[in-house]
K.L.:
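Encoded as structure tokens, here's the structure I'll be asking about.
Naming convention: chains lettered A, B, ... in sequence-line order (proteins, then strands); numbering from 1 in each chain.
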Protein chains: 2
Amino acid sequence: MKQIERPRKLPRQQRAQATVEAILDAAARILSGDGYAAMSTNRVAELAGVSVGSLYQYFPNKDALITALHERHGREIHEMLDVALTATAGGSLREIITALVQASLHGHLLDPQLHRVLEAELPFFDPPKSESDDHLGVHARIRSVLEAHREQIGPQDLDLATYMLITTVQALVHAAVIDPPAAPLSTAQIEAATIEMVLGYLGAGVPSTSVRTPTRDRHHARL
Amino acid sequence: MKQIERPRKLPRQQRAQATVEAILDAAARILSGDGYAAMSTNRVAELAGVSVGSLYQYFPNKDALITALHERHGREIHEMLDVALTATAGGSLREIITALVQASLHGHLLDPQLHRVLEAELPFFDPPKSESDDHLGVHARIRSVLEAHREQIGPQDLDLATYMLITTVQALVHAAVIDPPAAPLSTAQIEAATIEMVLGYLGAGVPSTSVRTPTRDRHHARL
DNA sequence: ATTGAACGTGAGTGATAGCTCGTATTATAG
DNA sequence: CTATAATACGAGCTATCACTCACGTTCAAT
């Protein structure tokens, strides 16, 4: 796993940019179709309609291809979450959570096969800014959403609650997309249940709008 | 990915059994230490103190090694869940869920590195009976637990609820073990929060022990 | 003690795949 | 138009690795 020396050379002319795009598209096609093991640089170059040499002008090694694909994919989902958060700003907790879950799910359903390989088979490429850290902007925004609805939610450690929310949604969406469960369970059901799951967690120990109950102590003791 | 022709030959003598164990241990060490890419059959044999030939007498190919490791790992966790379920049989929902989460977490913490590679980097080996299906016994038992506590829980589609419970616990434990979150969040906190998450979901829409409220309709509509 | 099966060995083979480099082509600058 | 840089090419080098096989060793049974 060595993807330092990022882009070996930046494409300056438009045809070079097209070459890079073609390479990335080909890599994505092969990856989502036949998996990582079947993805050789020669094959990528061939499918892209360029030569291996061209490939290595823009990507220092094979792993850099995966990294680039990862970044592109991360950006897409990040943007969908961003849109969802912006669209529901000021709305109710339920509205915001619903939008988040749906955005996440739809983002992952854009290209489930590619997502599957990228996130399930090769999650360890380019550790620095991938996924968890990539959501930093989103993370902060979700935290402030929870802060705004503080009186309605049970967990008072907002960092923990934010982490749980993001992790749970991501994990459940991931699971639903990666290995769809047995027949009778639909994606729509899981989507709805995920929303209830998160809302159930956030609402735990909050009797509608009354006083805070002393059920709090059974929650995560601070270090 | 070809791991048909399961064990090429079964170890009949005790020294052969020891050889197989040594090979599996070596494979686990290399896998958890340096990852799949660094695991060559020659290196495994060397670390195990046997020759490559011996390795290929019991494992038809490299992938069979991974599969065997997967199965071993799956059995371990499965047994811990089994113990937890048996020990808390007849207890309250909270007790059972707590035991399940703890068992799952502790099972994954036995060898986080190995688990990381096995479940995060190579989850696609031996699809037939791994993980999801492997939990079938546990799945049924958890479903019956939910059935026994039916009056206390909100979700009435027990298949869905069981799926959500298992998936959520697994995913959150997984996340906590695989990429431990930022500094201020401890494993213990996540463990507790996971319990609350699941209980929050199960308890959603259930006002302690009174009549069923008509809040039900916002739940996942049946197909 | 003998024999045959189980077990173990490790140099070698074949194939694959990542990557280089000398060369050819195309674009931009002056 | 010329010069120089950018882009593109692709045969081939090199290294690695999964896997084989012909041969030696140890066990268990008769």
K.L.:
Between B:R72 and B:D25, is there a side-chain N and carboxylate O pair less than 4.0 Å apart?
P.N.:
yes

K.L.:
Can you name the atoms? Protein N/O to nucleotides 19-22 of chain C N/O, anything below 3.5 Å, with the distance.
P.N.:
| from | atom 1 | to | atom 2 | distance (Å) |
| --- | --- | --- | --- | --- |
| C:dC19 | OP1 | A:K2 | NZ | 3.0 |
| C:dC19 | OP2 | A:Y56 | OH | 3.1 |
| C:dC19 | OP2 | A:K62 | N | 2.9 |
| C:dC19 | N4 | A:N42 | OD1 | 3.4 |
| C:dT20 | OP2 | A:R8 | NH1 | 3.4 |

K.L.:
Mark yes or no: B:K62 above the aromatic ring of B:Y56, with NZ or CZ under 6.0 Å from the six-membered ring centre and no more than 45 degrees from the axis.
P.N.:
no

K.L.:
D:dT16, OP1 or OP2 - any side-chain N/O from B:S40 closer than 4.0 Å?
P.N.:
no

K.L.:
For residues A:H174 and A:H108, is any side-chain donor paired with an opposing acceptor at under 3.5 Å?
P.N.:
no

K.L.:
Is there any protein nitrogen or oxygen under 3.5 Å from a nitrogen or oxygen in nucleotides 1-6 of chain C, and what are the pairs?
P.N.:
none

K.L.:
Looking at A:V44, A:V20, A:T19, which hits side chain to side chain contact (heavy atoms under 4.5 Å, CB included) with A:L55?
P.N.:
A:V44

K.L.:
Please tell me whether A:S32 and A:R116 have a donor and an acceptor in their side chains that are separated by less than 3.5 angstrom.
P.N.:
no

K.L.:
Under the side-chain hydrogen bond (donor to acceptor under 3.5 Å, both in side chains) test, which residues partner B:R12, sequence neighbours left out?
P.N.:
none

K.L.:
Between atom CG in B:L55 and atom P in D:dA18, what is the gap in whole Å?
P.N.:
10 Å

K.L.:
What is the distance from CD of B:E46 to P of D:dC17, rounded to the nearest Å?
P.N.:
12 Å

K.L.:
Separation of A:Q17 atom CD from D:dA6 atom C1', in whole Å?
P.N.:
14 Å

K.L.:
I want to check one thing: is the phosphate of C:dT9, taken as OP1 and OP2, less than 4.0 Å away from some side-chain N or O of B:S54?
P.N.:
yes

K.L.:
Looking only at atom types and distance, does a side-chain atom of A:S186 sit under 3.5 Å from a main-chain N or O of A:Q189, one as donor and one as acceptor?
P.N.:
yes

K.L.:
Round to the nearest Å and state the distance from A:Q14 atom CD to C:dT26 atom P.
P.N.:
14 Å

K.L.:
Tell me whether B:E21 at atom CD has more than 12 heavy atoms from other residues, nucleotides or ligands lying less than 6.0 Å away.
P.N.:
yes

K.L.:
Taking only N and O in the side chain of B:T19, is any of them less than 4.0 Å away from OP1 or OP2 of C:dG8?
P.N.:
yes

K.L.:
Does any N or O donor sit under 3.5 Å from an N or O acceptor when you compare the side chain of A:Q57 with the base of D:dA8?
P.N.:
yes

K.L.:
Using a strict 4.0 Å threshold on nitrogen-to-oxygen distance, state whether A:R43 and A:D34 make a salt bridge.
P.N.:
yes

K.L.:
Return the 5'-most residue of the pair A:G49, B:M39 with respect to DNA chain D, ranking by each residue's nearest nucleotide.
P.N.:
A:G49

K.L.:
Is the distance from OP1 or OP2 of C:dT9 to the nearest side-chain N or O of B:S51 less than 4.0 Å?
P.N.:
yes

